[in-house]
Amino acid sequence: MHDERELGIIRRQLNRLGVQIVPWGDGPPTTEADVVLLDADLFPIEQVPALPIDPTTPIIALVGIETPSRLKWLLDLKPASFLIKPIRSAGLYSALVMAFGIAQQRTEAIERIKHLEFRVKSRRLVIAAILYLMEHRKLTEAAAFALIRRTAMQRRTTIEELSAEIVASGGQVPLAIHPS
Amino acid sequence: MSKSSIPIGLLFSQSGPYQMMGGEMLKSARMAIDEVNADNQFDFELVPHLRDPAGVVSAYHTACEHLIREVGVDHIVGCYTSASRKQVLPIIERTDRLLWHPARYEGFECSDNIIYVGAAPNHAVVPLIRYMLDHLARDVFCVGSNYVWTWETNRVTRELVSAVGGSILAERLIDLGELNVEHIVQEIVSRRPPVVLNTLVGESSYIFMRALHAATLKARFTTTVLSCSLCEPELKIIGGNAAAGCITSSAYFESIDLLENRAFVSRWKDRHGIDSSPSVDGQSTYVSIMLLARAIKRAGSTSVNDVRSAAANHCYQSPQGPIWVDPDNNHCFLTPRLARSTKNEQFDIFWEAEAPQKPDPYLSGLDAAPLVRPHSTSTSPPPQQQRLRLLN
């Protein structure tokens with residue numbers, strides 16, 4: 001940020017909130033930051049800057065110029081929250097709470113998507129395992145699936161991992177002892 | 001009967017990267033103030049208080065605060081760049097004063113405490129690119145100073161050219177005040193674009209225009225340069241031959257053939273010399289002061305509320321033709337024009353809107369569909385799919 005007046009407001013308010021400030025003037029801060037405040041007006045818009053921070057670290061953008069070209073750039077930056085300049089003492093706290101909340105929700109959503117993608121990818125293996133058991137143990141589809149699920153539970157593994165094992169070992173996997 | 005005195009603030013940089021504009025605007029402001037003060041239809045006289053932030057962005061706030069808190073002005077005329085306007089906007093709003101902003105800008109702002117007297121984007125860039133698409137080419141090479149005016153002008157250009165299947169051949173941006181333009185000139189010579197959109201400001205632009213002229217002469221090819229900001233004093237700085245042939249979009253040219261303008265130019269030359277020319281931003285500064293004085297007279301006070309209401313919809317026959325403030329958005333109805341610069345450092349106007357156009361700072365009325373001419377509809381998506389999207 002260039003503006004000493006606005007910097008002063010931000011410093012005072014962050015100090016009141018017990019937030020430690022690491023200025024990012026000449027280069028990236030050496031310490032790991034939990035949140036990044038970034039003056040969007042200072043960056044050229046040809047490309048989103050490569051920020052040397054963890055992609056899950058929330059960014060709060062300070063926005064002065066509201067032209068579509070700048071807002072498009074801002075969207076690509078994926079800020080977790082923003083503040084309209086001029087900065088006032090009010091608003092910073094809400095922006096911080098929003099930013100941490102949004103960052104948390106994003107992290108959870110990313111984890112959930114990863115999990116679902118794994119399950120989607122593994123569906124072929126689960127189907128293959130069910131077909132294997134139907135053929136070799138003369139089970140119905142429902143019974144084959146129930147057997148896999150029960151075994152997975154007993155072995156504290158997932159249906160997907162067990163299915164992969166069944167398929168890979170050609171059925172040489174000890175399955176649940178008690179039929180349902 | 002002696003006139004009462006009304007202090008007004010003038011905020012113009014007299015040095016720094018756009019000092020030439022600041023100087024032209026100050027000259028015009030002083031001329032307008034002298035005319036108001038000598039005119040018996042006004043029972044007050046304007047007392048100017050100049051502050052010179054010297055082109056330093058952060059100095060604008062201090063200068064503005066001083067004008068408001070120490071001098072006690074209700075009205076300030078000034079700023080040139082958007083960066084400087086954004087600096088003073090908070091204090092202007094907080095103290096409920098009125099800033100009269102003469103310069104054209106890229107739009108996407110609308111404060112109750114600013115009267116935007118210069119051209120809005122629908123007045124400036126849109127007619128220019130429409131003309132290009134209709135008469136010159138669908139592909140354009142963009143060169144500009146790396147800041148918000150260029151970014152936004154290029155964005156609108158991209159919207160319009162893509163709607164008809166054209167393209168931006170290149171977008172070359174250099175820092176404000178950068179004087180090394182040779183690599184861009186070389187690229188233009190080797191790629192030979194039909195049109196070059198120039199959004200460089202100040203010295204960068206003058207050097208570029210001269211270098212491009214020399215290089216195209218040598219390479220024996222021609223390209224058309226487009227501009228939304230070139231003005232007569234700049235043509236003189238660049239030099240007639242290098243500056244000639246540039247298609248420029250503006251609300252004001254010295255060559256406007258109106259009674260009010262001929263009289264204005266004549267008074268200007270009496271004051272500043274027969275060889276000098278008023279500029280678009282200078283004329284707009286003159287108009288700002290005239291609009292302000294007329295609004296104070298109608299309101300019978302300098303109160304921001306009263307003056308703003310008095311200015312709304314009140315038509316003033318200015319050098320650039322009829323102009324009035326649109327109370328919907330505090331920008332001005334004005335007449336867009338297109339002209340070609342000539343070797344004798346003037347502009348030859350070849351198009352103007354039939355009537356003053358409503359300002360559209362958010363380009364909410366911009367629709368690329370009419371750009372698609374009938375013969376091209378077979379290969380283009382239907383018009384409703386070509387409505388401009390805000391964020392493309």
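Atom set for the values below is all heavy atoms of this structure, side chains included, hydrogens, waters and symmetry mates excluded. By convention in this document, chain letters (A, B, ...) are assigned in the order of the sequence lines, proteins followed by strands, and residues within each chain are numbered from 1.
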Ignoring hydrogens and angles, state whether a donor on the side chain of Thr199(B) or Asn154(B) is under 3.5 Å from an acceptor on the partner side chain. no

Answer yes when Glu165(A) and Arg155(A) have at least one side-chain N-carboxylate O distance shorter than 4.0 Å, and no when they do not. yes

Decide, yes or no, whether a salt bridge links Glu159(B) with Arg155(B) under the criterion of side-chain N to carboxylate O below 4.0 Å. yes

With a strict 4.5 Å heavy-atom criterion, list every residue of residues 111-123 of chain B that contacts chain A, or say none. none

Partner set under salt bridge (Lys or Arg N to Asp or Glu O under 4.0 Å) for Glu109(B), not counting sequence neighbours: Arg85(B), Lys86(B)

Shorter than 4.5 Å, heavy atoms on both sides: which option in Glu93(B), Glu171(B), Glu152(B) has the most such pairs with chain A? Glu152(B)

Positive for side-chain contact (heavy atoms from CB on, under 4.5 Å) with Leu128(B), one of Pro336(B), Ser250(B), Cys228(B): Cys228(B)

Closest heavy-atom contact between Val181(B) and Ser204(B)? CG1-O, 4.1 Å

